[in-house]
Engineer: 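One structure, as structure tokens, below. Some questions next.
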Amino acid sequence: MSDVVPTPPDPFFTVGTRLPDRLGRTGIVHTPHGDIRTPAFIAVGTKATVKAVLPEAMKELGAQAVLANAYHLYLQPGPDIVDEAGGLGKFMNWDGPTFTDSGGFQVMSLGVGFKKVLAMDAVGVQSDDVIADGKQRLAHVDADGVTFKSHLDGSPHRFTPEVSMQIQHQLGADIMFAFDELTTLLNTRAYQEQSVDRTHAWAVRCIAEHEKLTAERAHRPYQALFGVVQGAQYEDLRRQAAKGLESIRGVSGRGFDGYGIGGALEKQNLGTIVRWVNEELPEHKPRHMLGISEPDDLFVAIENGADTFDCVNPSRVARNAAIYHPDGRFNINTSRFRRDFDPIDGECDCYTCANYSRAYIHHLFKAKEMLASTLCTIHNERFTIRLVDRIRESIEGGYFDEYKLETLGRFYGSKPFSTGA
């Protein structure tokens, strides 16, 4: 083991232009594999790939970084294989910055049968035995960690804070997240209180294991560790969780390098919840929103202080023929596009819009050709990346509010979508 322990870049995060009278700002996250200009959308490559799209194509689309999932890569192919390959970036032929999430979301969301989606509203009865209809509980939480069954083959596994850190260190991403307990908006207040305390205790253990592994793996670049703020829809719990995570220090005297804002979030109160959290977090550290990509959510999160975002939605809906357009989202596999020879979006600069028509892509979906998913994913990822880039430019240029009003008014406007460009 080397006597030289890797340390984070100094500074790790640089604040740029601030939004007047709000928490929003631009900035730069400095990583061993390049800078990330914020606000930034981080494309999700769950299993070390953005589904249906080459890593080289993601670079051309303007993606600054990609995020992979520790849970899925742990199950397949195994973190030891990724480590042996030289880390996530080398394994997937991506030379830019990389993120991995802790696996906590998947352990719990798949474990209670919700698969990939947790609702963003709290309407309904509260219960601490939350589970999707007709599903068997595959995950069980205790004070030490989570025991769960693989969604692939039912085999038993156990994640603890230490295990999550070990997996993520082997995966080798530039930025990783502490292991946390995901709750839903249906959990009771009492359970949310217990969960915040448990996530805090796990965060202490994550920092300790992270420092140990950083010293042991001095042959690898430093990996930044973000704490994850939970607390659901409760202001006092969100603030308590944020302040609690910021207070944690390892033996080195350092705390978390940044923070993730996680858990199920009420869409109608998203901005308020993000503001609560960011009023407590230190300004000189970056803040990442887990699982956000809809245009209105991006604007409201950014103006309340969020810096980076990840979400599978642009690629997931693309595979189901749903297309993002400045005038709103539409399904390209419907009959009205059968003879529409315009591009998806005449204003878009992506490869798909430069080369293919709506009619052709409509045909690909009807013919069940895989190219349909590729072309639509390219467009949707570019739409989302470019939107966040333009939000960043609007903050730097001093016209954020005007750009927000124009963009959201057009996207969510009441006029029907036109099949013309």
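We're numbering straight along the sequence, starting at 1. Model, not experiment: these values are computed from the prediction. Quick note: numbers below take in every heavy atom, side chains included, and nothing from hydrogens, waters or symmetry partners.
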Engineer: Does the distance from a Lys or Arg side-chain N to an Asp or Glu carboxylate O, for E294 and K267, drop under 4.0 Å?
Structural biologist: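 No, no charged N to carboxylate O under 4.0 Å.
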Engineer: Between S195 and Y191 (side chain of the first, backbone of the second, donor and acceptor by atom type, cut-off under 3.5 Å), is there such a pair?
Structural biologist: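 Absent.
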Engineer: Using every non-hydrogen atom in the two residues, find where T374 and V53 come nearest and quote the distance to one decimal.
Structural biologist: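 Nearest pair, atom of T374 first, then V53: O-CG2, 4.2 Å.
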Engineer: Are any side-chain N or O atoms of T38 and backbone N or O atoms of G27, one a donor and one an acceptor, separated by less than 3.5 Å?
Structural biologist: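 Yes; judged by distance alone, with no hydrogens or angles, the pair exists.
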Engineer: Going by heavy atoms in the side chains, are T352 and C376 under 4.5 Å from each other?
Structural biologist: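 No - every pair of side-chain heavy atoms lies 4.5 Å or more apart.
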Engineer: Knowing that exactly one of T46, L171, L75 qualifies, which makes a side chain to side chain contact (heavy atoms under 4.5 Å, CB included) with N69?
Structural biologist: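 Filter result, single survivor: T46.
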Engineer: What I'd like to find out is whether the side chain of L237 reaches to under 4.5 Å of the side chain of R189, using heavy atoms alone.
Structural biologist: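 When only atoms from C-beta onward are counted, R189 and L237 do touch, with a gap below 4.5 Å.
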Engineer: Looking at R392 and D389, does any basic side-chain N land under 4.0 Å from a carboxylate oxygen?
Structural biologist: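 Between D389 and R392 there is a salt bridge, with a charged N closer than 4.0 Å to a carboxylate O.
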Engineer: Specify the closest pair of heavy atoms between I248 and A203, including all atoms of both residues, with the distance to one decimal.
Structural biologist: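 I248 and A203 have their closest heavy atoms at CD1-CB, 3.7 Å.
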Engineer: For the side chain of R386 and the backbone of C350, is there at least one donor-acceptor N/O pair under 3.5 Å apart?
Structural biologist: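 Flag not set: sc R386 to bb C350 has no pair under 3.5 Å.
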Engineer: Is it true that D310 and H288 share a donor-acceptor pair across their side chains at a distance under 3.5 Å?
Structural biologist: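 The answer is yes; a qualifying pair exists.
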Engineer: I need the single residue from Q240, R238, K243 that forms a side chain to side chain contact (heavy atoms under 4.5 Å, CB included) with E280. Which is it?
Structural biologist: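 Option passing the side chain to side chain contact (heavy atoms under 4.5 Å, CB included) with E280: K243.
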Engineer: Tell me every residue that passes side-chain hydrogen bond (donor to acceptor under 3.5 Å, both in side chains) with S357, counting only those two or more places apart in sequence or in another chain.
Structural biologist: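 Applying side-chain hydrogen bond (donor to acceptor under 3.5 Å, both in side chains) to S357 gives none.
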Engineer: Report yes or no: does N380 contribute a side-chain atom to a donor-acceptor pair with the main-chain N or O of A322 at less than 3.5 Å?
Structural biologist: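 Yes, because the side chain of N380 sits within donor-acceptor range (under 3.5 Å) of the backbone of A322.
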Engineer: With side chains defined as the heavy atoms from C-beta onward, is the minimum distance between V44 and S315 less than 4.5 Å?
Structural biologist: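 Heavy-atom side-chain distance check fails, nothing below 4.5 Å.
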Engineer: Mind checking salt bridge (Lys or Arg N to Asp or Glu O under 4.0 Å) for E393 and listing every partner two or more places apart, or none if nothing turns up?
Structural biologist: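 Residues passing salt bridge (Lys or Arg N to Asp or Glu O under 4.0 Å) with E393: none at all.
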Engineer: Evaluate the side-chain contact (heavy atoms from CB on, under 4.5 Å) criterion for residues S394 and K404: first the C-alpha distance (whole Å), next the side-chain angles of each, then the deciding distance (0.1 Å), finally the verdict.
Structural biologist: CA-CA 9 Å; S394 76; K404 175 184 176 183; over 6 Å; no
Engineer: Tell me whether K59 at atom NZ has more than 12 heavy atoms from other residues, nucleotides or ligands lying less than 6.0 Å away.
Structural biologist: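 More than 12 within 6.0 Å, yes.
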Engineer: Run the numbers on L225 and M165 for side-chain contact (heavy atoms from CB on, under 4.5 Å), then give the verdict.
Structural biologist: CA-CA 9 Å; L225 177 60; M165 289 296 93; 3.8 Å; yes
Engineer: Taking atom CZ as the centre, does R158 end up with more than 12 heavy-atom neighbours from other residues, nucleotides or ligands that are less than 6.0 angstrom away?
Structural biologist: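 Yes - once you tally the heavy atoms of other residues, nucleotides and ligands closer than 6.0 Å, there are more than 12.
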Engineer: Grab the two heavy atoms, one from C353 and one from H379, that are nearest each other, plus how far apart they are.
Structural biologist: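 Nearest pair, atom of C353 first, then H379: SG-ND1, 3.4 Å.
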Engineer: Looking only at non-hydrogen atoms, find the nearest pair between G255 and K285 and report the distance.
Structural biologist: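 So the two residues come closest at C-NZ, 4.4 Å.
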Engineer: Distance-only, no hydrogens or angles: does the R329 side chain make a donor-acceptor pair with backbone N or O of I323 under 3.5 Å?
Structural biologist: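 Absent.
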Engineer: Which atom pair, heavy atoms only, marks the closest approach of I207 to G250?
Structural biologist: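 I207 and G250 have their closest heavy atoms at CG2-CA, 3.6 Å.
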Engineer: Going by ring-ring contact (aromatic ring centres under 6.0 Å, His included), name the residues that satisfy it together with F226, two or more places apart in sequence or in a different chain.
Structural biologist: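 So F226 forms a ring-ring contact (aromatic ring centres under 6.0 Å, His included) with F177.
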Engineer: Thinking salt bridges, do E279 and R239 make one under a 4.0 Å N-O criterion?
Structural biologist: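 The answer is yes: the pair qualifies as a salt bridge.
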Engineer: Output yes when a side-chain donor or acceptor of E181 lies under 3.5 Å from a complementary backbone atom of V141, and no otherwise.
Structural biologist: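 Judged by distance alone, no pair lies under 3.5 Å.
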Engineer: What verdict does the side-chain contact (heavy atoms from CB on, under 4.5 Å) test give for D297 and M289, after you've listed the backbone C-alpha separation in whole Å, the side-chain angles of each residue and the deciding distance to 0.1 Å?
Structural biologist: CA-CA 10 Å; D297 296 334; M289 285 292 302; over 6 Å; no
Engineer: Return yes if some donor-acceptor pair links the side-chain N/O of R249 with the main-chain N/O of E246 below 3.5 Å, else return no.
Structural biologist: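 Flag set: sc R249 to bb E246 pair under 3.5 Å.
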Engineer: Look at atom CD of Q76 and say whether more than 12 heavy atoms of other residues, nucleotides or ligands are closer to it than 6.0 Å.
Structural biologist: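 Incorrect, the count does not exceed 12.
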Engineer: Output all residues satisfying ring-ring contact (aromatic ring centres under 6.0 Å, His included) with Y360, sequence neighbours left out; order by chain, then residue number.
Structural biologist: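 Only Y356 meet the ring-ring contact (aromatic ring centres under 6.0 Å, His included) criterion with Y360.
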Engineer: Does E347 come within less than 4.0 Å of R390, counting only side-chain N to carboxylate O?
Structural biologist: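 No, no charged N to carboxylate O under 4.0 Å.
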Engineer: Tell me every residue that passes ring-ring contact (aromatic ring centres under 6.0 Å, His included) with Y324, counting only those two or more places apart in sequence or in another chain.
Structural biologist: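 Partners of Y324 under the ring-ring contact (aromatic ring centres under 6.0 Å, His included) test: F383.
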Engineer: Restricting to pairs with a member in residues 244-277, which pass ring-ring contact (aromatic ring centres under 6.0 Å, His included), not counting sequence neighbours?
Structural biologist: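 Passing the test, one end in residues 244-277: no pairs.
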Engineer: Parallel, tilted or perpendicular: which fits the ring planes of Y74 and H157, with parallel below 30° and perpendicular above 60°?
Structural biologist: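 The arrangement is perpendicular - the two ring planes meet at more than 60°.
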Engineer: Check for a donor-acceptor pair, side chain of D197 on one end and backbone N or O of Q194 on the other, with a separation under 3.5 Å.
Structural biologist: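 No.
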Engineer: Under the ring-ring contact (aromatic ring centres under 6.0 Å, His included) definition, can you give me all pairs with a residue in residues 294-320, not counting sequence neighbours?
Structural biologist: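 Passing the test, one end in residues 294-320: F299-F400, F299-Y403.
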Engineer: Q230 and T199: side-chain donor and acceptor closer than 3.5 Å?
Structural biologist: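 No, no side-chain donor-acceptor contact under 3.5 Å.
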Engineer: Output all residues satisfying ring-ring contact (aromatic ring centres under 6.0 Å, His included) with W202, sequence neighbours left out; order by chain, then residue number.
Structural biologist: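 So W202 forms a ring-ring contact (aromatic ring centres under 6.0 Å, His included) with F179.
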Engineer: Answer yes or no: is there a donor N or O on one side and an acceptor on the other, between the side chain of R254 and the main chain of P8, under 3.5 Å?
Structural biologist: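 The answer is no, because no donor-acceptor pair under 3.5 Å joins these two groups.
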Engineer: Just wondering, more than 12 heavy atoms not from D236 lying within 6.0 Å of its CG?
Structural biologist: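 Enclosed: over 12 neighbouring heavy atoms sit under 6.0 Å from CG of D236.
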Engineer: Between Y71 and H151, which heavy-atom pair has the shortest distance, and what is it?
Structural biologist: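 Distance-wise, the nearest heavy atoms are OH-ND1, 2.8 Å.
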Engineer: Apply side chain to side chain donor-acceptor pair (under 3.5 Å) to residues Q64 and D35 and explain how you reach the verdict.
Structural biologist: CA-CA 8 Å; Q64 299 186 68; D35 290 346; over 6 Å; no
Engineer: Please check this pair: side chain of N320 against backbone of R316, looking for a donor-acceptor N/O pair closer than 3.5 Å.
Structural biologist: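 Yes, because the side chain of N320 sits within donor-acceptor range (under 3.5 Å) of the backbone of R316.
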Engineer: Show the numbers, then the answer: is there a side-chain contact (heavy atoms from CB on, under 4.5 Å) between Y234 and V196?
Structural biologist: CA-CA 11 Å; Y234 300 103; V196 166; over 6 Å; no
Engineer: Under the side-chain hydrogen bond (donor to acceptor under 3.5 Å, both in side chains) test, which residues partner R220, sequence neighbours left out?
Structural biologist: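 Only D83 meet the side-chain hydrogen bond (donor to acceptor under 3.5 Å, both in side chains) criterion with R220.
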Engineer: Check salt bridge (Lys or Arg N to Asp or Glu O under 4.0 Å) between R382 and all other residues, then give those that pass, not counting sequence neighbours.
Structural biologist: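 R382 satisfies salt bridge (Lys or Arg N to Asp or Glu O under 4.0 Å) with D349 once adjacent residues are dropped.
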Engineer: Can you check whether I344 reaches F330 side chain to side chain, under 4.5 Å on heavy atoms?
Structural biologist: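 Contact flag for I344/F330 side chains = yes.
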Engineer: Holding to side-chain hydrogen bond (donor to acceptor under 3.5 Å, both in side chains), I want the full list of residues that pass it with T14, two or more places apart in sequence or in another chain.
Structural biologist: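 Counting only residues at least two positions away or on another chain, T14 forms a side-chain hydrogen bond (donor to acceptor under 3.5 Å, both in side chains) with H30.
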Engineer: Can you pull out every side-chain hydrogen bond (donor to acceptor under 3.5 Å, both in side chains) where at least one residue sits in residues 163-178? Sequence neighbours excluded, please.
Structural biologist: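 Listed by first then second residue: H33-D174, T100-Q168, S164-Q168, Q166-E209, H169-H210, H169-Q223.
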